[in-house]
Colleague: 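Below: one structure in structure tokens.
For the single chain, residues carry numbers from 1 onward in sequence order. Every number for a ligand or one of its atoms is a count from 1 in the order of the listing.
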Amino acid sequence: MSDLPLTQRLDALVASAADLVAGTGDLDALHALDVELTGRRSLLVEAKRELGSLEEDDRRAAGQAINEARQRVEDLIAARRSELAAQQRQARIEAERLDLTEREPARTGRLHLVTQARDHLEDVFVGMGFTVAEGPEVETDFYNFEALNLPPSHPARGMWDTFYVDVGDPGTVLLRTHTSPVQIRVMEATEPPICSIMPGRVYRRDTADATHTPVFHQIEGLVVDEGISFADLAGTLDAFTRAYFGRQVRSRLRPSYFPFTEPSAEYDISCVFCGGVGCRSCGGTGWLELGGCGMVHPNVFAAVGYDPERWTGFAFGFGIDRMTAQRHGVDDLRDLFTNDIRFLEQF
Ligand code: DAH
């Protein structure tokens with residue numbers, strides 16, 4: 001090799017270095033090659049030793065050529081180093097990959113039909129500006145009845161067949177028979193204006209049949225502010241009806257009685273199956289009953305310390321289960337709660 005002129009030898013050295021560098025498979029091999037190509041015993045260092053025997057001008061040119069060759073070899077090695085490092089990193093990521101995909105997608109769970117309905121109702125009301133509140137299922141007589149203008153032995157208490165809990169004085173603790181006690185809790189906790197819905201589970205001592213279950217779900221609504229009128233109630237329920245059931249569905253209010261509202265009304269919607277003509281689902285009436293509503297009774301405001309002269313409001317409450325059952329053509333409410341997976345999987 002030393003017979004050839006220096007520049008040619010250097011070019012050959014760089015060319016073979018390029019091949020060797022490209023052929024390395026990992027960082028260890030590259031490091032070894034680096035020592036061989038640029039270390040103390042390398043040809044590059046050896047070539048420098050020859051400089052001493054050259055004339056000054058030749059020596060400067062040769063020195064420069066050696067430095068340039070060294071630089072090119074170092075650049076080659078550096079480029080390969082970052083390539084190999086990236087490959088190794090990628091290989092490690094692959095090796096540590098965790099497969100988190102479900103093996104049996106058919107066995108994933110789903111929300112219960114009633115939960116889906118509750119979520120949908122919440123979405124619609126939240127879209128109308130309502131907030132969502134919750135209260136306990138085990139209640140006291142005060143919240144479930146007394147504060148709702150149902151003093152002890154009020155005849156209307158018979159509207160709700162109550163499960164009592166064996167805690168404290170007899171008849172003082174019960175499973176809430178409706179979501180209306182949450183109205184009281186919300187008003188106790190906040191000042192008006194209030195615009196809330198209160199969904200949840202309720203209990204009644206009913207014998208289960210196709211249209212009754214001892215456990216079911218309601219959604220309560222409460223709006224309190226200055227100057228709230230019956231027209232606000234009707235307008236809100238009508239807007240809700242269209243948003244939840246569709247633009248073609250109409251709502252109506254019929255006079256009724258509830259101790260906690262005055263005046264009170266029943267809230268019906270035009271039958272979603274026959275469009276109001278009359279069919280089996282609506283018993284030929286063209287209307288489906290959803291629940292009760294009315295203007296909050298002044299005694300209810302008094303019970304929570306609101307001034308009935310200043311505040312007015314409306315409330316409503318309707319059953320979620322029956323409505324969902326109607327919507328999906330489920331003709332026996334008990335199917336919702338016997339937890340037969342073959343039934344539940346349909347929704
Ligand atoms: N709590 C009543 C029930 O379960 C339903 C109801 C009627 C709720 C009128 C209300 C209301 O908020 O204003 O039968």
Colleague: Taking the minimum heavy-atom distance to atom 9 (C) of ligand 1, which of Gly221, Cys293, Gly313, Gly319 ranks first?
Modeller: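 Comparing heavy atoms across Gly221, Cys293, Gly313, Gly319, the nearest one to atom 9 (C) of ligand 1 lies in Cys293.
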Colleague: In terms of side-chain heavy atoms, does Asn144 have a donor or acceptor partner in Thr177 at a distance below 3.5 Å?
Modeller: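 Judged by distance alone, the side chains do pair up.
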Colleague: Between Thr131 and Ser196, do the side chains contain an N or O donor and an N or O acceptor separated by less than 3.5 Å?
Modeller: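 Result is yes, a qualifying pair exists.
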Colleague: What is the closest protein heavy atom to atom 14 (O) of ligand 1, and at what distance does it sit?
Modeller: Trp160 NE1, 3.6 Å
Colleague: Under a 3.5 Å threshold, yes or no: a donor from one side chain and an acceptor from the other, between Tyr203 and Thr162?
Modeller: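 There is no such pair between these side chains.
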Colleague: Among all protein heavy atoms, pick the one closest to atom 5 (C) of ligand 1 and tell me residue, atom and distance.
Modeller: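 It is Gly317 O, 3.9 Å.
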Colleague: Determine, stepwise, if the pair Arg252 / Glu266 fulfils salt bridge (Lys or Arg N to Asp or Glu O under 4.0 Å).
Modeller: CA-CA 8 Å; Arg252 76 172 183 188; Glu266 295 286 338; over 6 Å; no
Colleague: Which residue is it: Glu137, Gln218, Arg201? I am looking for the one with a side chain to side chain donor-acceptor pair (under 3.5 Å) to Thr179.
Modeller: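 Of all the options given, the one that passes is Gln218.
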Colleague: Quick one: which ligand 1 atoms are inside 4.0 Å of a heavy atom on Arg204?
Modeller: 3 (C), 4 (O), 14 (O)
Colleague: Answer yes or no on whether Arg327 is positioned over the face of Tyr244, meaning its NZ or CZ is under 6.0 Å from the six-membered ring centre and within 45° of the axis.
Modeller: yes
Colleague: I want to know if ligand 1 touches Phe260 in the polar sense, i.e. an N/O pair below 3.5 angstrom.
Modeller: no
Colleague: Any side-chain donor-acceptor pair under 3.5 Å between Asp141 and Thr172?
Modeller: no
Colleague: Taking only heavy atoms of Ser180 into account, list the atoms of ligand 1 that are under 4.0 Å away from them.
Modeller: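 By the 4.0 Å cutoff, the relevant atoms are 1 (N), 8 (C).
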Colleague: In ligand 1, which numbered atoms sit nearer than 4.0 Å to a non-hydrogen atom of Gln183?
Modeller: 12 (O)
Colleague: Under the ring-ring contact (aromatic ring centres under 6.0 Å, His included) test, which residues partner Tyr143, sequence neighbours left out?
Modeller: none
Colleague: Could you list which atoms of ligand 1 come closer than 4.0 Å to a heavy atom of Phe258?
Modeller: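 Under 4.0 Å from Phe258, ligand 1 has these atoms: 7 (C), 9 (C), 14 (O).
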Colleague: Pairs of nitrogen or oxygen atoms closer than 3.5 Å, one from Thr177 and one from ligand 1: do any exist?
Modeller: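 So ligand 1 has no N or O lying under 3.5 Å from an N or O of Thr177.
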Colleague: For atom 12 (O) of ligand 1, which protein heavy atom lies nearest, and how many Å away is it?
Modeller: Glu220 OE2, 2.6 Å
Colleague: Taking only heavy atoms of Gly294, which atoms of ligand 1 are found under 4.0 Å from at least one of them?
Modeller: 13 (O)
Colleague: Please could you name the atoms of ligand 1 that Gln218 approaches to less than 4.0 Å, counting only its heavy atoms?
Modeller: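 Selected atoms, number and element: 3 (C), 4 (O).
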Colleague: Locate the shortest heavy-atom distance separating Leu54 from Arg59; write the atom from each residue and the value.
Modeller: O-NH1, 3.5 Å
Colleague: Closer than 4.0 Å to some heavy atom of Thr261 - which atoms of ligand 1 meet that?
Modeller: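 Under 4.0 Å from Thr261, ligand 1 has these atoms: 13 (O).
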